[in-house]
Amino acid sequence: MALDAFFSLICDNPYNSDWVFNPWRDRCFDFDLCEAAPRQRLDRLKRHLECKHPTRILLGEAPGYQGCRYSGVAFTSERLLVEGVIPRIEPTPRITSRERPFSEPSATIIWGILEELGVAHETLLWNAFPWHPHGPGASLTNRTPSIKELRMGVGALEALLAHFQGVQVLALGRSAEKTLRMLGVSPKAALRHPSMGGAQRFREGLRDLSAASA
């Protein structure tokens with residue numbers, strides 16, 4: 001039931017803004033190939049969450065325009081889905097018309113280290129603010145969600161954590177940590193977000209955690 005509530009919260013949330021895109025409800029008329037694109041993104045997310053024995057959830061800030069906006073899965077790009085390297089999601093045909101599939105640097109970094117550590121199949125990815133915040137009139141940009149927007153994502157995160165009880169939560173960046181605090185949840189660790197020059201510190205932090213739990 002918790003996941004039913006989760007999917008309802010992220011798909012049917014009445015929040016509307018010219019500065020926010022809902023990947024599982026809205027169609028991007030610039031790049032989505034068909035009306036079914038939101039449903040296809042939701043199908044991908046559902047497969048990602050079909051993890052029988054997850055050991056950790058990596059919680060980021062918000063979807064990016066090169067990643068979740070078009071893939072439907074946090075920290076995951078369309079390119080990685082097409083290449084078939086994402087656990088539980090078979091290689092999928094493209095659903096965007098862009099000449100090359102969208103490719104997000106943070107997604108490549110995160111899945112790379114998860115594969116290196118052998119934990120990709122037991123890791124779930126999500127964002128504190130579920131939807132893609134962008135600049136006014138500039139959909140292909142990323143914007144830091146406001147505190148008000150972060151509060152709007154608390155319900156979905158709470159439903160997700162209720163379903164995956166006892167799973168370690170790792171916060172990637174301050175927004176993720178703030179949102180967990182709103183729920184009274186202490187993250188297992190607060191890692192440096194891999195963007196903006198933080199890739200090496202993120203890798204080192206995840207390696208240290210993996211070694212400590214081995």
State plainly whether the residues [X] and [Y] are in salt-bridge range, i.e. N to O under 4.0 Å.
X      : Y      : result
Asp43  : Arg39  : yes
Arg207 : Glu116 : yes
Arg98  : Asp32  : no

Using distance alone, with no hydrogens and no angle criterion, decide if [X] and [Y] have a side-chain donor and acceptor under 3.5 Å apart.
X     : Y      : value
Glu78 : Ser71  : no
Arg94 : Thr96  : yes
Arg79 : Thr108 : yes

Which atom pair, heavy atoms only, marks the closest approach of [X] to [Y]?
X      : Y      : result
Ile10  : Ala156 : CG2-CB, 3.8 Å
Gly84  : Pro91  : CA-CG, 3.7 Å
Cys68  : Ala74  : SG-N, 3.8 Å
Asp30  : Ser139 : OD2-OG, 4.2 Å
Ala176 : Leu59  : CB-O, 3.2 Å
Ala128 : Ser175 : CB-O, 4.1 Å

Look at atom [atom1] of [X] and say whether more than 12 heavy atoms of other residues, nucleotides or ligands are closer to it than 6.0 Å.
X      : atom1 : value
Arg88  : CZ    : yes
Asp12  : CG    : yes
Arg201 : CZ    : no

task: Just do the side chain to side chain contact (heavy atoms under 4.5 Å, CB included) check on Leu170 and Leu206 with the steps written out, would you?
output: CA-CA 9 Å; Leu170 310 180; Leu206 202 56; 3.8 Å; yes

Are [X] and [Y] side-chain neighbours, meaning at least one heavy-atom pair lies under 4.5 Å?
X      : Y      : value
Leu209 : Leu191 : yes
Lys46  : Leu3   : no
Phe6   : Leu49  : yes
Gln66  : Ser103 : no
Pro87  : His121 : yes
Trp126 : Leu45  : yes
Glu61  : Leu172 : no
Thr123 : Ile57  : no

Give a yes or no on whether [X] and [Y] share a hydrophobic cluster (residues Ile, Leu, Val, Met, Phe, Trp, Tyr; joining criterion: side-chain heavy atoms under 4.5 Å apart).
X      : Y      : result
Val154 : Met152 : yes
Phe31  : Val82  : no
Leu161 : Leu150 : yes
Val73  : Leu33  : no
Phe164 : Leu180 : yes

Measure the [atom1]-[atom2] distance between [X] and [Y] for me, rounded to the nearest 0.5 Å.
X      : Y      : atom1 : atom2 : answer
Thr144 : Glu149 : OG1   : CD    : 10.0 Å
Arg203 : Leu114 : CZ    : CG    : 11.0 Å
Arg174 : Arg181 : CZ    : CZ    : 13.0 Å
Gln165 : Leu160 : CD    : CG    : 11.5 Å
Ser97  : Glu99  : OG    : CD    : 11.0 Å
Asn22  : Cys11  : CG    : SG    : 6.5 Å

query: Per the ring-ring contact (aromatic ring centres under 6.0 Å, His included) rule, which among Phe102, Tyr65, Trp24 passes with Tyr70?
result: Phe102

query: For Leu81 and Thr76, what are the C-alpha separation, side-chain angles and deciding distance, and is it a side chain to side chain contact (heavy atoms under 4.5 Å, CB included)?
result: CA-CA 8 Å; Leu81 289 172; Thr76 302; 4.0 Å; yes

query: In this structure, which one of His134, Glu104, His132 forms a side chain to side chain donor-acceptor pair (under 3.5 Å) with Asn142?
result: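 Among the candidates, only His132 passes.
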
Donor-acceptor under 3.5 Å ([X] side chain, [Y] main chain):
X      : Y      : value
Glu115 : Gly112 : no
Thr179 : Glu177 : no
Arg27  : Phe29  : no
Glu83  : Leu80  : no
Thr141 : Gly135 : yes
Arg143 : Trp19  : yes

message: Do Arg192 and Phe202 form a cation-pi contact, if we require the NZ or CZ to be under 6.0 Å from the six-membered ring centre and within 45 degrees of the ring's axis?
response: no

field: Pairing residues for Arg25 by the side chain to side chain donor-acceptor pair (under 3.5 Å) criterion, not counting sequence neighbours
entry: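 Listed in chain order: Asn16.
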
task: Return the set of residues passing side chain to side chain donor-acceptor pair (under 3.5 Å) with Gln168 (not counting sequence neighbours), or none when no residue passes.
output: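 Counting only residues at least two positions away or on another chain, Gln168 forms no side chain to side chain donor-acceptor pair (under 3.5 Å).
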
message: Using the rule given for side chain to side chain contact (heavy atoms under 4.5 Å, CB included), can you reason through Phe21 versus Cys28, listing the C-alpha separation, both sets of side-chain angles and the distance that settles it, and then say yes or no?
response: CA-CA 8 Å; Phe21 178 85; Cys28 174; 4.0 Å; yes

query: Of Lys52, Arg56, His53, which is the lone residue that meets side chain to side chain contact (heavy atoms under 4.5 Å, CB included) with Glu122?
result: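 Running side chain to side chain contact (heavy atoms under 4.5 Å, CB included) over Lys52, Arg56, His53 with Glu122 returns exactly one hit, Arg56.
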
field: ring pair (Phe, Tyr, Trp, His ring centres under 6.0 Å) between Phe75 and His48, intermediate numbers included
entry: CA-CA 12 Å; Phe75 291 114; His48 172 66; over 10 Å; no

- request: Could you go through the side chain to side chain contact (heavy atoms under 4.5 Å, CB included) check for Leu157 and Phe129 one step at a time?
  value: CA-CA 9 Å; Leu157 177 59; Phe129 184 65; over 6 Å; no

